[in-house]
Amino acid sequence: METVVLVIGANGQLGSVLTKALQKKFGLERVIASDLKSINAFHGIFEVIDATNESKIEEIVTRYKVTQIYHLAAILSAKGEETPLKTWDINMKTLFNVLEVSRKNNIDKVFFPSSIAVFGEGAQAINTPNDAYLDPATVYGISKAAGENWAQYYFLRYGLDVRSLRYPGVIGFQSLPGGGTTDYAVDIYHKAVCEEEFDCFLDKNTTLPMIFMDDVIRATISLMDAPKNDITIRTSYNIAGTSFSPAEIVHEIRKLYPGFKVKYNPDFRQEIAARWPKSIDDSAATKDWGWKPKFDLERITVTMIQKLQEKYKTGSKNLEALLF
Ligand code: VAH
(Lines give C-alpha, C1' and ligand atoms only; values in the text may rest on other atoms or scores of the structure.)
Protein backbone atom coordinates (compact mmCIF):
# COMPACT_ATOMS: atom_id res chain seq x y z
CA MET A 1 0.00 0.00 0.00
CA GLU A 2 1.37 3.47 -0.84
CA THR A 3 2.64 5.68 1.99
CA VAL A 4 0.18 8.35 3.16
CA VAL A 5 1.34 10.52 6.05
CA LEU A 6 -0.75 12.44 8.57
CA VAL A 7 1.04 15.24 10.44
CA ILE A 8 -0.72 16.32 13.62
CA GLY A 9 0.48 19.72 14.84
CA ALA A 10 1.63 20.87 11.39
CA ASN A 11 1.48 24.57 12.30
CA GLY A 12 4.08 24.26 15.05
CA GLN A 13 7.78 25.17 15.07
CA LEU A 14 8.81 21.64 14.04
CA GLY A 15 5.59 20.56 12.34
CA SER A 16 5.62 23.41 9.81
CA VAL A 17 9.10 22.46 8.57
CA LEU A 18 8.73 18.68 8.81
CA THR A 19 5.46 18.77 6.88
CA LYS A 20 7.16 20.45 3.92
CA ALA A 21 10.04 17.95 4.08
CA LEU A 22 7.56 15.05 4.05
CA GLN A 23 5.65 16.62 1.15
CA LYS A 24 8.93 16.84 -0.77
CA LYS A 25 9.70 13.20 0.05
CA PHE A 26 6.28 11.65 -0.60
CA GLY A 27 4.46 14.23 -2.75
CA LEU A 28 1.79 16.78 -1.91
CA GLU A 29 -1.04 14.31 -2.43
CA ARG A 30 0.39 11.83 0.10
CA VAL A 31 0.80 14.14 3.08
CA ILE A 32 -2.13 15.42 5.14
CA ALA A 33 -1.16 18.41 7.25
CA SER A 34 -3.40 19.08 10.24
CA ASP A 35 -3.74 21.37 13.21
CA LEU A 36 -6.37 23.13 15.30
CA LYS A 37 -6.89 25.74 12.58
CA SER A 38 -5.91 26.33 8.99
CA ILE A 39 -3.45 29.22 8.51
CA ASN A 40 -2.87 28.65 4.79
CA ALA A 41 0.78 27.84 5.41
CA PHE A 42 0.94 24.83 3.12
CA HIS A 43 0.35 23.81 -0.45
CA GLY A 44 -1.36 20.42 -0.55
CA ILE A 45 -3.91 18.82 1.77
CA PHE A 46 -4.84 20.40 5.11
CA GLU A 47 -7.44 19.15 7.59
CA VAL A 48 -8.53 20.82 10.83
CA ILE A 49 -8.01 18.27 13.60
CA ASP A 50 -8.28 18.77 17.34
CA ALA A 51 -6.14 15.80 18.44
CA THR A 52 -8.09 15.54 21.71
CA ASN A 53 -10.90 14.18 19.49
CA GLU A 54 -10.10 10.53 18.70
CA SER A 55 -12.97 10.10 16.25
CA LYS A 56 -11.80 13.07 14.19
CA ILE A 57 -8.32 11.57 13.86
CA GLU A 58 -9.90 8.22 12.88
CA GLU A 59 -12.15 9.92 10.30
CA ILE A 60 -9.13 11.48 8.55
CA VAL A 61 -7.06 8.28 8.80
CA THR A 62 -9.90 6.34 7.16
CA ARG A 63 -10.72 8.95 4.52
CA TYR A 64 -7.14 9.23 3.23
CA LYS A 65 -6.00 5.66 3.99
CA VAL A 66 -3.20 7.03 6.19
CA THR A 67 -0.24 4.68 6.76
CA GLN A 68 2.03 6.85 8.95
CA ILE A 69 1.26 9.41 11.69
CA TYR A 70 3.65 12.07 13.00
CA HIS A 71 2.24 13.36 16.30
CA LEU A 72 3.80 16.79 16.83
CA ALA A 73 1.16 18.48 18.95
CA ALA A 74 2.11 19.22 22.58
CA ILE A 75 2.29 22.06 25.06
CA LEU A 76 5.99 22.79 25.67
CA SER A 77 7.96 23.16 28.90
CA ALA A 78 7.59 26.80 29.88
CA LYS A 79 4.02 27.30 28.65
CA GLY A 80 3.07 23.97 30.21
CA GLU A 81 3.92 25.18 33.71
CA GLU A 82 1.17 27.82 33.56
CA THR A 83 -1.58 25.14 33.68
CA PRO A 84 0.03 21.85 34.81
CA LEU A 85 -3.03 19.60 34.80
CA LYS A 86 -4.30 20.95 31.46
CA THR A 87 -0.84 20.37 29.98
CA TRP A 88 -0.85 16.79 31.22
CA ASP A 89 -4.36 16.19 29.91
CA ILE A 90 -3.68 17.59 26.45
CA ASN A 91 -0.23 16.03 26.00
CA MET A 92 -1.42 12.60 27.14
CA LYS A 93 -4.95 12.58 25.66
CA THR A 94 -3.65 13.48 22.20
CA LEU A 95 -0.97 10.76 22.41
CA PHE A 96 -3.46 8.11 23.56
CA ASN A 97 -5.76 9.08 20.69
CA VAL A 98 -2.94 8.70 18.17
CA LEU A 99 -1.83 5.36 19.64
CA GLU A 100 -5.37 3.96 19.76
CA VAL A 101 -6.31 5.09 16.25
CA SER A 102 -2.98 3.70 14.98
CA ARG A 103 -3.52 0.36 16.70
CA LYS A 104 -7.10 -0.03 15.50
CA ASN A 105 -6.31 1.01 11.92
CA ASN A 106 -3.05 -0.94 11.43
CA ILE A 107 -0.95 2.17 10.91
CA ASP A 108 2.53 1.14 9.72
CA LYS A 109 4.61 3.69 11.67
CA VAL A 110 4.02 6.39 14.30
CA PHE A 111 6.48 9.15 15.23
CA PHE A 112 6.35 10.52 18.79
CA PRO A 113 8.68 13.44 19.61
CA SER A 114 10.20 13.32 23.06
CA SER A 115 12.69 15.76 24.52
CA ILE A 116 15.78 16.14 26.69
CA ALA A 117 13.22 17.60 29.09
CA VAL A 118 12.65 14.00 30.29
CA PHE A 119 15.93 14.28 32.19
CA GLY A 120 16.21 15.95 35.60
CA GLU A 121 18.78 16.35 38.34
CA GLY A 122 19.02 12.58 38.75
CA ALA A 123 20.79 12.18 35.39
CA GLN A 124 24.47 12.95 34.79
CA ALA A 125 24.57 16.39 33.21
CA ILE A 126 27.46 15.80 30.81
CA ASN A 127 26.98 13.28 27.99
CA THR A 128 23.69 12.13 29.48
CA PRO A 129 23.27 8.46 28.47
CA ASN A 130 20.17 7.08 26.74
CA ASP A 131 19.34 4.90 29.76
CA ALA A 132 19.81 7.65 32.38
CA TYR A 133 17.34 7.89 35.25
CA LEU A 134 14.37 10.05 34.25
CA ASP A 135 13.15 12.50 36.90
CA PRO A 136 11.65 15.35 34.86
CA ALA A 137 10.78 18.51 36.78
CA THR A 138 8.27 19.98 34.30
CA VAL A 139 4.82 18.67 33.38
CA TYR A 140 5.95 18.68 29.77
CA GLY A 141 8.94 16.49 30.68
CA ILE A 142 6.74 14.19 32.79
CA SER A 143 4.30 13.82 29.87
CA LYS A 144 7.15 13.00 27.49
CA ALA A 145 8.68 10.42 29.86
CA ALA A 146 5.25 8.81 30.28
CA GLY A 147 4.69 9.03 26.53
CA GLU A 148 7.94 7.20 25.83
CA ASN A 149 6.81 4.34 28.04
CA TRP A 150 3.38 4.22 26.40
CA ALA A 151 5.08 4.14 23.01
CA GLN A 152 7.14 1.14 24.11
CA TYR A 153 4.01 -0.50 25.60
CA TYR A 154 2.11 -0.23 22.29
CA PHE A 155 5.09 -1.77 20.52
CA LEU A 156 5.44 -4.65 22.98
CA ARG A 157 1.69 -5.32 23.48
CA TYR A 158 0.31 -4.60 20.00
CA GLY A 159 3.38 -4.57 17.72
CA LEU A 160 2.71 -0.93 16.78
CA ASP A 161 5.90 0.50 15.21
CA VAL A 162 6.19 3.71 17.28
CA ARG A 163 9.51 5.53 17.00
CA SER A 164 10.75 8.47 19.04
CA LEU A 165 13.57 11.01 19.41
CA ARG A 166 14.51 13.12 22.43
CA TYR A 167 14.96 16.47 20.73
CA PRO A 168 17.29 19.07 22.25
CA GLY A 169 16.27 22.72 21.89
CA VAL A 170 15.33 23.19 18.24
CA ILE A 171 16.69 26.21 16.36
CA GLY A 172 15.33 27.17 12.96
CA PHE A 173 14.68 30.22 10.80
CA GLN A 174 11.52 28.93 9.12
CA SER A 175 9.13 29.15 12.08
CA LEU A 176 8.71 30.86 15.41
CA PRO A 177 8.74 28.59 18.48
CA GLY A 178 6.18 28.89 21.24
CA GLY A 179 6.37 28.24 24.94
CA GLY A 180 9.77 26.57 25.11
CA THR A 181 12.61 27.15 27.55
CA THR A 182 15.14 26.93 24.70
CA ASP A 183 13.27 29.43 22.52
CA TYR A 184 15.71 32.18 23.53
CA ALA A 185 18.15 30.60 21.05
CA VAL A 186 15.79 31.42 18.17
CA ASP A 187 14.63 34.86 19.30
CA ILE A 188 18.21 36.05 19.83
CA TYR A 189 18.97 35.76 16.09
CA HIS A 190 15.88 37.76 15.15
CA LYS A 191 16.90 40.52 17.55
CA ALA A 192 20.45 40.53 16.15
CA VAL A 193 19.28 40.84 12.54
CA CYS A 194 16.79 43.56 13.50
CA GLU A 195 19.65 45.26 15.41
CA GLU A 196 17.63 45.33 18.62
CA GLU A 197 18.88 44.61 22.15
CA PHE A 198 18.15 41.07 23.34
CA ASP A 199 16.74 40.42 26.81
CA CYS A 200 17.79 36.86 27.73
CA PHE A 201 15.61 34.94 30.19
CA LEU A 202 18.43 32.49 31.00
CA ASP A 203 21.69 33.04 32.83
CA LYS A 204 24.59 33.72 30.45
CA ASN A 205 26.40 30.52 31.42
CA THR A 206 23.48 28.09 31.11
CA THR A 207 24.69 25.47 28.69
CA LEU A 208 21.97 23.42 26.99
CA PRO A 209 21.84 20.80 24.24
CA MET A 210 20.56 22.36 21.03
CA ILE A 211 20.01 21.21 17.46
CA PHE A 212 19.53 22.98 14.13
CA MET A 213 16.28 22.38 12.26
CA ASP A 214 18.03 20.80 9.26
CA ASP A 215 19.57 18.21 11.58
CA VAL A 216 16.20 17.67 13.26
CA ILE A 217 14.45 16.95 9.95
CA ARG A 218 17.24 14.66 8.75
CA ALA A 219 17.32 12.75 12.06
CA THR A 220 13.54 12.30 12.09
CA ILE A 221 13.32 11.01 8.53
CA SER A 222 16.41 8.80 8.98
CA LEU A 223 14.82 7.22 12.07
CA MET A 224 11.51 6.63 10.30
CA ASP A 225 13.23 5.19 7.21
CA ALA A 226 15.39 2.78 9.23
CA PRO A 227 14.54 -0.94 8.95
CA LYS A 228 12.23 -1.95 11.81
CA ASN A 229 14.69 -4.50 13.16
CA ASP A 230 17.42 -1.84 13.46
CA ILE A 231 15.37 0.04 16.05
CA THR A 232 16.57 -1.33 19.38
CA ILE A 233 15.22 1.47 21.61
CA ARG A 234 11.43 1.67 21.77
CA THR A 235 11.16 4.38 24.42
CA SER A 236 13.13 7.18 22.75
CA TYR A 237 16.57 7.83 21.24
CA ASN A 238 18.83 10.58 22.51
CA ILE A 239 20.05 12.77 19.69
CA ALA A 240 22.58 15.59 20.02
CA GLY A 241 23.27 18.55 17.77
CA THR A 242 25.59 20.85 19.69
CA SER A 243 25.65 22.41 23.18
CA PHE A 244 26.19 26.04 24.07
CA SER A 245 25.32 28.81 26.52
CA PRO A 246 23.78 32.24 25.83
CA ALA A 247 27.22 33.80 26.26
CA GLU A 248 28.65 31.51 23.58
CA ILE A 249 25.86 32.24 21.09
CA VAL A 250 26.34 35.99 21.74
CA HIS A 251 30.06 35.61 21.03
CA GLU A 252 29.30 33.97 17.68
CA ILE A 253 26.68 36.61 16.76
CA ARG A 254 29.10 39.45 17.58
CA LYS A 255 31.45 38.13 14.92
CA LEU A 256 28.77 39.34 12.46
CA TYR A 257 27.11 42.07 14.58
CA PRO A 258 29.89 43.54 16.76
CA GLY A 259 27.52 46.04 18.37
CA PHE A 260 24.92 43.44 19.35
CA LYS A 261 23.60 44.28 22.84
CA VAL A 262 22.32 41.71 25.37
CA LYS A 263 21.03 41.93 28.91
CA TYR A 264 20.42 38.90 31.16
CA ASN A 265 17.26 38.71 33.26
CA PRO A 266 16.85 35.06 34.29
CA ASP A 267 13.26 34.15 35.08
CA PHE A 268 11.42 30.91 36.02
CA ARG A 269 12.75 29.28 32.86
CA GLN A 270 16.28 29.40 34.31
CA GLU A 271 15.16 26.92 36.99
CA ILE A 272 13.79 24.61 34.28
CA ALA A 273 16.98 24.83 32.22
CA ALA A 274 19.23 24.31 35.25
CA ARG A 275 17.78 20.80 35.71
CA TRP A 276 18.37 19.75 32.10
CA PRO A 277 21.54 18.11 30.74
CA LYS A 278 24.39 20.16 29.36
CA SER A 279 25.26 17.61 26.69
CA ILE A 280 23.83 14.35 25.37
CA ASP A 281 25.28 10.94 24.52
CA ASP A 282 23.60 9.89 21.27
CA SER A 283 25.83 6.88 20.54
CA ALA A 284 22.84 4.52 20.41
CA ALA A 285 21.29 6.52 17.55
CA THR A 286 24.62 6.51 15.73
CA LYS A 287 25.00 2.76 16.18
CA ASP A 288 21.42 1.77 15.28
CA TRP A 289 20.62 4.09 12.35
CA GLY A 290 23.76 6.09 11.58
CA TRP A 291 22.89 9.41 13.22
CA LYS A 292 25.49 12.21 12.95
CA PRO A 293 24.78 15.97 13.30
CA LYS A 294 26.09 18.42 10.69
CA PHE A 295 25.55 21.82 12.37
CA ASP A 296 27.76 23.25 15.10
CA LEU A 297 27.19 26.66 16.72
CA GLU A 298 29.28 28.53 14.17
CA ARG A 299 27.41 27.01 11.20
CA ILE A 300 24.03 27.52 12.93
CA THR A 301 24.83 31.17 13.53
CA VAL A 302 25.99 31.90 9.98
CA THR A 303 22.96 30.10 8.51
CA MET A 304 20.41 31.72 10.84
CA ILE A 305 21.79 35.20 10.26
CA GLN A 306 21.95 34.72 6.48
CA LYS A 307 18.40 33.34 6.22
CA LEU A 308 16.89 35.94 8.56
CA GLN A 309 18.62 38.75 6.71
CA GLU A 310 16.96 37.47 3.53
CA LYS A 311 13.56 37.34 5.22
CA TYR A 312 13.81 40.74 6.91
CA LYS A 313 15.20 42.38 3.79
CA THR A 314 11.58 42.79 2.72
CA GLY A 315 11.47 45.58 5.26
CA SER A 316 8.93 43.87 7.49
CA LYS A 317 9.86 43.03 11.05
CA ASN A 318 6.67 41.06 11.32
CA LEU A 319 8.44 37.82 10.50
CA GLU A 320 5.37 35.74 11.28
CA ALA A 321 3.60 37.30 8.33
CA LEU A 322 6.60 36.46 6.20
CA LEU A 323 6.78 32.86 7.30
CA PHE A 324 3.43 31.70 5.98
C1 VAH B 1 11.14 23.36 25.18
N2 VAH B 1 11.89 23.46 22.88
O3 VAH B 1 11.93 24.28 25.42
C4 VAH B 1 11.35 22.56 23.91
C5 VAH B 1 12.32 21.43 24.11
C6 VAH B 1 14.48 20.68 25.11
C7 VAH B 1 13.41 21.73 25.12
O8 VAH B 1 11.65 20.28 24.43
O9 VAH B 1 10.21 23.06 25.90
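Note that ligands are numbered from 1 as they come in the structure, with each ligand's atoms numbered from 1 the same way.
- Counting only heavy atoms of the protein, atom 2 (N) of ligand 1 lies nearest to T182 OG1, 3.0 Å.
- Contact annotation: V170 has no heavy atom less than 4.0 Å from any atom of ligand 1.
- Around the CG atom of L156, the shell of radius 6.0 Å holds more than 12 heavy atoms that belong to other residues, nucleotides or ligands.
- Annotation for K255: atom NZ counts as buried by contact number, over 12 foreign heavy atoms lying within 6.0 Å.
- Atom numbering of ligand 1 starts at 1 in the shown order; those under 4.0 Å from a heavy atom of L76 are 9 (O).
- At least one test fails for R157 against the ring of Y153: distance under 6.0 Å to the centre or angle within 45° of the axis.
- For ligand 1 and Y140, the ligand atoms under 4.0 Å from any heavy atom of the residue are 5 (C), 8 (O), 9 (O).
- When only interatomic distances are considered, the shortest N/O to N/O separation between S115 and ligand 1 falls below 3.5 Å.
- Those atoms of ligand 1 that come under 4.0 Å of a heavy atom in W276, given as number and element, are 3 (O), 6 (C), 7 (C).
- In terms of modelled atom types and a separation under 3.5 Å, the side chain of N149 and the main chain of A145 share a donor-acceptor contact.
- The closest protein non-hydrogen atom to atom 3 (O) of ligand 1 is T181 N, 2.7 Å.
- Residue Y167 has no N or O atom closer than 3.5 Å to an N or O atom of ligand 1.
- For NZ of K104, the number of neighbouring non-hydrogen atoms (other residues, nucleotides, ligands) closer than 6.0 Å is greater than 12.
- Contacts between S77 and ligand 1 below 4.0 angstrom, taking non-hydrogen atoms only, involve backbone and side chain alike.
- Each of the atoms 6 (C) of ligand 1 lies under 4.0 Å from some heavy atom of I116.
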Side-chain donor-acceptor distances from residues 109-122 under 3.5 Å, at least two apart:
{"residue": "K109", "atom": "NZ", "partner": "M224", "partner atom": "O", "Å": "2.5"}
{"residue": "S114", "atom": "OG", "partner": "E148", "partner atom": "OE2", "Å": "2.6"}
{"residue": "S115", "atom": "OG", "partner": "A117", "partner atom": "N", "Å": "2.8"}

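- The minimum heavy-atom distance linking Y237 with D230 is given by the pair OH-O, 3.8 Å.
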